[in-house]
Amino acid sequence: MKFFIDTADLKEIRDAAAMGVIDGVTTNPSLVAKSGRKYLDVVREICEIVDGPISAEVLSVDYDGMMAEALDWAKVHKNVVVKLPLTLDGLRATKACASQGIKTNVTLCFSANQALLAAKAGATYISPFVGRLDDISENGMDLIGDIVTIYQNYDFRTQVLVASVRHPIHVSQAALLGADVCTIPYKVIEQLAKHPLTDSGLAKFVEDARKIPR
Ligand code: E4P
């Protein structure tokens with residue numbers, strides 16, 4: 001499973017990249033707004049840090065606006081993936097991008113039928129939001145299992161990108177279900193590395209190391 005980092009914070013991206021665990025980056029308008037910087041400037045810098053797919057979202061909600069932005073994003077860097085919302089206009093834009101060889105990440109997916117439509121439209125990635133489904137008392141990971149099965153049933157090439165990840169169990173479940181990608185906030189990446197037995201074991205090794213004659 002590929003790991004993308006879900007952030008527009010350049011320090012977090014640099015730190016995660018230095019750990020060697022990052023295959024790509026996803027951003028969205030809310031994450032970029034937190035940075036206080038222009039979206040284009042942020043994406044350009046990310047492209048210099050990570051050599052992998054970088055999702056940059058359109059801000060328009062109509063087809064013409066989305067396509068104008070998609071064409072602009074595609075010119076920024078070969079690794080930019082255009083993030084489009086799962087709406088009727090977004091699906092039309094997905095189809096048009098696919099026809100022009102522009103990679104897409106169809107976002108805000110909350111149902112298997114939406115994922116099926118995105119695959120038929122030629123999406124490169126589909127982003128089901130597991131955490132937001134959990135928030136409304138649905139099981140986000142059930143949706144991942146359904147989409148993986150449906151895509152396998154029909155040999156769709158669209159990659160399942162698990163989004164809205166809130167904790168380490170989402171990540172291990174995504175891997176067990178065979179998702180292609182998990183996009184993970186920096187805080188959760190840190191949590192993945194943590195284990196109390198690692199900490200106590202290391203403390204004991206450090207203590208015993210002092211007893212070794214030098
Ligand atoms: C990533 O592509 C999504 O925009 C992001 O994972 C959404 O996460 P959230 O539900 O925590 O805002």
Side-chain angles (χ1 to χ4, degrees), residues 1-10 12-13 16-17 21-37 39 42-43 46-47 49-50 52-61 66 69-70 73 76-77 79-87 90-91 93-94 97 102-111 114-115 118-119 121 123-144 147-148 158-175 177 179-192:
M1 186 170 71
K2 287 184 182 136
F3 276 19
F4 292 176
I5 186 167
D6 195 23
T7 185
D9 182 319
L10 298 176
E12 289 182 348
I13 294 169
V21 297
I22 293 306
D23 302 296
V25 181
T26 50
T27 65
N28 66 36
S30 306
L31 293 170
V32 176
K34 277 192 228 165
S35 76
R37 301 184 59 210
Y39 207 157
V42 171
V43 170
I46 294 173
C47 290
I49 302 167
V50 177
I54 314 294
S55 288
E57 190 156 342
V58 298
L59 308 180
S60 300
V61 293
M66 284 187 220
E69 289 186 53
W73 276 132
V76 170
H77 193 279
N79 286 341
V80 170
V81 174
V82 179
K83 212 167 169 193
L84 298 160
L86 211 157
T87 59
L91 289 169
T94 301
C97 284
I102 298 172
K103 290 186 176 155
T104 54
N105 173 359
V106 176
T107 189
L108 291 166
C109 171
F110 295 96
S111 78
Q114 287 182 316
T124 314
Y125 300 95
I126 182 70
S127 285
F129 279 30
V130 294
R132 294 193 196 186
L133 282 170
D134 292 353
D135 289 344
I136 59 160
S137 303
E138 291 195 27
N139 187 334
M141 295 315 298
D142 282 353
L143 175 60
I144 301 304
I147 298 171
V148 168
T158 301
Q159 296 181 51
V160 180
L161 194 171
V162 179
S164 189
V165 162
R166 301 277 165 80
H167 50 69
I169 294 174
H170 277 151
V171 179
S172 48
Q173 286 180 326
L177 289 166
D180 301 284
V181 189
C182 203
T183 189
I184 314 171
Y186 185 77
K187 185 191 80 168
V188 178
I189 293 175
E190 284 184 321
Q191 290 172 333
L192 295 179

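Note that ligands are numbered from 1 as they come in the structure, with each ligand's atoms numbered from 1 the same way. In this chain, numbering begins with 1 at the start of the sequence shown.
Close approach of ligand 1 to K83 (heavy-atom distance below 4.0 Å) involves ligand atoms 1 (C), 2 (O), 3 (C), 4 (O). Atom numbering of ligand 1 starts at 1 in the shown order; those under 4.0 Å from a heavy atom of R132 are 7 (C), 9 (P), 10 (O), 12 (O). Below 4.0 Å from some heavy atom of A163 lie the following atoms of ligand 1, by number and element: 1 (C), 6 (O). Under a 4.0 Å criterion applied to the non-hydrogen atoms of R166, ligand 1 contributes the atoms 9 (P), 10 (O), 11 (O). The F129 neighbourhood of ligand 1 comprises atoms 3 (C), 4 (O), 7 (C), with distances under 4.0 Å to a heavy atom of that residue.
In this structure the side chain of I144 never reaches within 4.5 angstrom of the side chain of Q173, judged on heavy atoms. A 4.5 Å side-chain heavy-atom check between D135 and R166 finds at least one atom pair inside the cut-off. In this structure, T107 and F129 have side chains that are in contact, with non-hydrogen atoms separated by less than 4.5 Å.
With F4 as the fixed residue, the side chain to side chain contact (heavy atoms under 4.5 Å, CB included) test singles out one of I54, T26, V25: T26. Of the residues L59, V82, L84, the one that meets the side chain to side chain contact (heavy atoms under 4.5 Å, CB included) test with M66 is L84.
Residue L192 places its CG atom among more than 12 non-hydrogen atoms of other residues, nucleotides or ligands, all under 6.0 Å distant.
In this structure, atom 5 (C) of ligand 1 lies nearest to the protein heavy atom D6 OD2, 3.0 Å.
An N or O contact shorter than 3.5 Å is missing between T183 and ligand 1 by distance. Considering both main-chain and side-chain atoms, N28 comes within under 3.5 Å of ligand 1 through a nitrogen or oxygen pair.
Of all heavy-atom pairs spanning L91 and A121, the tightest one is O-CB, 3.8 Å.
Between atom 8 (O) of ligand 1 and the options G131, S164, S30, the minimum heavy-atom separation is to S164.
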